[in-house]
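Shown next, in structure tokens, is the structure this report addresses.
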Protein chains: 4
Amino acid sequence: MSDLAERRKEMMNSLMRDSVYAAAVEILTNQGVDGLTMDRVAETAGVAKGSLYNYFASKRDLINFIYGKTMEPTTLIFDEAMANHGSASEKLEGILRRWFEYFATNRGIFDFLFKNSRISDVAEEYKQSCRTKGIADLTVIFEQGIAEGTFRPVNALRAAEVLLGAVIVSTEQQLSTDEHRPAEEWTNTLLDLLLNGLKP
Amino acid sequence: MSDLAERRKEMMNSLMRDSVYAAAVEILTNQGVDGLTMDRVAETAGVAKGSLYNYFASKRDLINFIYGKTMEPTTLIFDEAMANHGSASEKLEGILRRWFEYFATNRGIFDFLFKNSRISDVAEEYKQSCRTKGIADLTVIFEQGIAEGTFRPVNALRAAEVLLGAVIVSTEQQLSTDEHRPAEEWTNTLLDLLLNGLKP
Amino acid sequence: MSDLAERRKEMMNSLMRDSVYAAAVEILTNQGVDGLTMDRVAETAGVAKGSLYNYFASKRDLINFIYGKTMEPTTLIFDEAMANHGSASEKLEGILRRWFEYFATNRGIFDFLFKNSRISDVAEEYKQSCRTKGIADLTVIFEQGIAEGTFRPVNALRAAEVLLGAVIVSTEQQLSTDEHRPAEEWTNTLLDLLLNGLKP
Amino acid sequence: MSDLAERRKEMMNSLMRDSVYAAAVEILTNQGVDGLTMDRVAETAGVAKGSLYNYFASKRDLINFIYGKTMEPTTLIFDEAMANHGSASEKLEGILRRWFEYFATNRGIFDFLFKNSRISDVAEEYKQSCRTKGIADLTVIFEQGIAEGTFRPVNALRAAEVLLGAVIVSTEQQLSTDEHRPAEEWTNTLLDLLLNGLKP
DNA sequence: TATGAATGAGGGTTCATTCAT
DNA sequence: TATGAATGAACCCTCATTCAT
């Protein structure tokens, strides 16, 4: 096959997967996880059910793709923060703000990812790996802060878990209560608590 | 029916439900949530499938029972802490220590509750309500601390979310990495971070 | 066993069956045929499910009993009419009037017997035998009328079918439209049609 | 999809439904209504159980189809008679004759429709509606006859019930006794009874 | 490659019947 | 004899996957 044809094919493939992704997100948003059948995905995406299997080896594979594509931006947030040349505090602030902003503009997907997290084992693994990566990144940042002298010499790993936990739980809580917190205020509150602690 | 017979019957009933609980936990541990079919529960519990329906009105009901029975001790931890007459810090310490201790001695169940938390909508609701209760309790404690003057006048609700998030995520993380942290050290680290913050 | 004991036993047996009959009629009236489970019959009758099987060999047997007991009065209507020493016309009138009166005072049971006739094969057979008996009786009456010279020498069997069909269908129709026709008027209309025909 | 393909698909669909119809009728004939399970229908039709659900949304739907397909010709008989420009007597004669002829050539189906008419609530409703329509049509005919002066001014509705009842019961009776009455003779007998009455 | 009908294992649930107490 | 928990076959229905076209 010529290089051109190959590239064309790859593009078609990518187009298809994107279209399926959109369909899946729509279904998940409207009907919840139990509504995500291959039939409905195919119908919503406007393709034949059989065709799905030309692009996804299995439903498991499809869900994996959805999960990955959805989480991609959040891992990017971390990646970019890590690549920046700023202080630990600045990095933290950047991560929090961008996370909360992304969340604010993508509530529907988050609803599926968090509240209805009963997707499949593969997604669970993926979620776990995202969390582990997030903790690792945060740990690095905290270690940087400690090295900089900005932070006390605490257990950086524990601090990372605390922060990620705070972010996740407050995000989920916001989803379940249908609140809409401004990313700015949210970021500041969290950072203040984390940096200054509770003691006067 | 005589009082004795009634009590006997109630005991048999309880025995059955416990036996089903054990079977369900075993299945969840070994095969994950998708493996939890009524057929398998019955087989594992060593009863006929139809018999399950003499004790649980539906699968939904059964899952509810499992979740409730598993979560019961954790809500007790909060209830008892709230009932104590101690300072906010003491209450926090009590909750954390007892939580981590309970966790340390019941990893199996947590494995199912957290890692495989994708059970059913009803369990999801239950989980959510536990979380909301936890946050409410913690909020009260933080408000008490603020009133006492022990804590800065922060947003108590946010602080509660931070702490619960920290507890949950660090618990999950410990599960996924197969670590075994001493409850004592864990409690102290978390409290130190929370109370003193990161800044030197 | 003494004669007394035997009679006592028989009476208990009869009492039980009557009580079950009442329960079954109540269920059929309120919940329809699909609601007639052995569980519900036992519960409504206030006995243990297992006890039912001491009085009825099977559900089939129970339904048979219900059907028979319900139809009994209607067959009595025919029996008594046949035993009377009146003209054919008087017999016909008696049958119709008493049938329609019995119907008027027992709509609930008829609802179950006619509209929800999907009971069981055994009941179907019973119903068929009732119908056959009714036709036989009516045939005799028509033959009597022909012999008396009151009726034309028509095919008595066909005439019997016509009358029984008229009765059944008009009864069912009345059930389905929730009408309440006076037995008197109904009887007269039917007799007039049957005796005088449509031609002027 | 091309027009051809669409038509082809529709034909396949129709073929499948017909094949399922045949299977259902066979089961109903041999095993009665309680034998009509989706499993057996699928097996008898030589398709997988799941495939049934590609053509019928539910068992209820399937039964509806069976009933409708079976009753269709009988409602046609009425429709055509009503459309004719004849006297009331001619219409009556036409209906009776064609009904009895249809019956004579389709005993198998009638066996299921009448003797085993205990199918499902939905079919019961259907049956009821057929009967109601029949009565309405006959009522119109009788009213026409009365207006023409051919019939006495009787209650047309009751007369309709009488005739439909006569038809139904004599049909059922014939089924249960395995008789074979010639449609001609049958029609004439019924008409004679109806028009001239019993009195000499 | 695209299609969508066919598949059939497996889902939760019901209920007539049995039997140890 | 009375009980009611236990049974398990059978029910209707779903849906991921396959494969002939």
Side-chain angles (χ1 to χ4, degrees), chain A residues 9 12-13 16 34-43 46-63 120, chain B residues 1 5 8-9 12-13 15-16 34-43 45-63 120, chain C residues 9 12-13 16 34-43 46-63 120, chain D residues 1 5 8-9 12-13 15-16 34-43 45-62:
Chain A
K9 177 183 152 192
M12 290 295 293
N13 194 308
M16 177 65 150
D34 291 338
L36 193 76
T37 67
M38 295 302 266
D39 273 83
R40 245 190 295 262
V41 170
E43 191 194 337
V47 298
K49 183 163 41 162
S51 302
L52 287 183
Y53 287 84
N54 292 329
Y55 299 95
F56 300 95
S58 64
K59 189 180 184 184
R60 191 190 172 87
D61 190 32
L62 188 153
I63 287 177
S120 87
Chain B
M1 190 173 1
R8 211 181 84 96
K9 177 184 151 190
M12 290 299 292
N13 194 307
L15 233 65
M16 176 65 155
D34 292 337
L36 193 77
T37 69
M38 294 303 265
D39 275 83
R40 246 189 293 262
V41 170
E43 192 193 336
V47 298
K49 182 162 48 158
S51 301
L52 287 184
Y53 287 85
N54 291 333
Y55 298 93
F56 302 94
S58 63
K59 187 181 186 184
R60 190 189 171 90
D61 190 34
L62 188 152
I63 288 175
S120 86
Chain C
K9 177 183 151 191
M12 289 295 294
N13 194 308
M16 177 65 152
D34 292 337
L36 194 77
T37 66
M38 294 302 266
D39 273 85
R40 248 190 292 263
V41 170
E43 190 193 338
V47 298
K49 185 167 36 166
S51 302
L52 287 182
Y53 286 86
N54 291 330
Y55 298 95
F56 301 95
S58 64
K59 189 182 184 183
R60 188 189 174 90
D61 189 31
L62 188 152
I63 287 176
S120 87
Chain D
M1 194 173 356
R8 210 181 84 97
K9 176 183 152 190
M12 291 298 292
N13 194 310
L15 233 64
M16 176 65 154
D34 293 337
L36 192 77
T37 70
M38 295 302 266
D39 276 81
R40 247 190 293 264
V41 171
E43 192 193 336
V47 298
K49 182 167 40 164
S51 301
L52 287 184
Y53 288 86
N54 292 333
Y55 298 94
F56 302 94
S58 62
K59 188 182 184 181
R60 191 188 171 90
D61 191 33
L62 188 151

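Here is how names work: the chains are called A, B, and so on, in the same order as the sequence lines, proteins then strands, and each is numbered from 1. The structure presented is a predicted model; accordingly, all values stated were derived computationally and were not measured.
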Length of the line joining C:Asp39:CG and E:dA16:P, which is rounded to integer Å: 7 Å

Nearest-Å distance for atom pair CD/P, residues C:Glu43 and F:dA5: 12 Å

Sugar-phosphate only, base, or nothing, as touched by D:Phe56 at under 4.0 Å among non-hydrogen atoms: nothing

Closest heavy-atom pair and its distance - B:Asn13, B:Tyr55: OD1-CD2, 3.7 Å

Heavy-atom pair with the smallest gap, counting every atom of D:Ser51 and D:Val47: CB-CB, 4.3 Å

Heavy-atom side-chain proximity of C:Asn54 to C:Met16 below 4.5 angstrom: no

Side-chain donor/acceptor of C:Lys49 to base of F:dT3, under 3.5 Å: no

Which nucleotide in E:dG8, F:dT3, E:dG12 has an atom nearest any side-chain atom of B:Met38: E:dG12

Nearest to side-chain heavy atoms of B:Tyr53, which nucleotide of E:dG12, E:dA16, F:dC12: E:dG12

Spacing between C:Arg60 atom CZ and E:dT17 atom P, to the nearest angstrom: 10 Å

D:Ala57 vs C:Met16, nearer the 5' end of DNA chain F by closest nucleotide: C:Met16

Complementary nucleotide for E:dT21 - Watson-Crick or wobble, under 3.5 Å: F:dA2

Euclidean distance, atom CG of residue A:Asn54 to atom P of E:dT3 [Å, nearest integer]: 9 Å

Where D:Ala42 and D:Lys49 come nearest, the two heavy atoms and their spacing: CB-CA, 3.5 Å

Proximity to the side chain of C:Thr37 - top-ranked nucleotide from F:dA16, E:dC15, E:dT13: E:dC15

Criterion side-chain contact (heavy atoms from CB on, under 4.5 Å) against A:Asp39, the qualifying member of A:Val41, A:Thr37, A:Leu36: A:Thr37

Per C:Tyr55 side chain, nearest of listed nucleotides F:dT7, F:dA2, E:dT13: F:dA2

Closest-nucleotide ordering on DNA chain E, the 5'-leading residue of D:Met12 and A:Met12: A:Met12

A:Leu52 CG to F:dA16 C1', straight-line distance once rounded to whole Å: 11 Å

Spacing between B:Asp61 atom CG and E:dG12 atom C1', to the nearest angstrom: 14 Å

A:Ser51 side-chain N/O to E:dT3 phosphate OP1/OP2 under 4.0 Å: yes

Polar side-chain contact A:Lys59-F:dT17 base: donor and acceptor under 3.5 Å: no

Sugar-phosphate only, base, or nothing, as touched by A:Arg40 at under 4.0 Å among non-hydrogen atoms: nothing

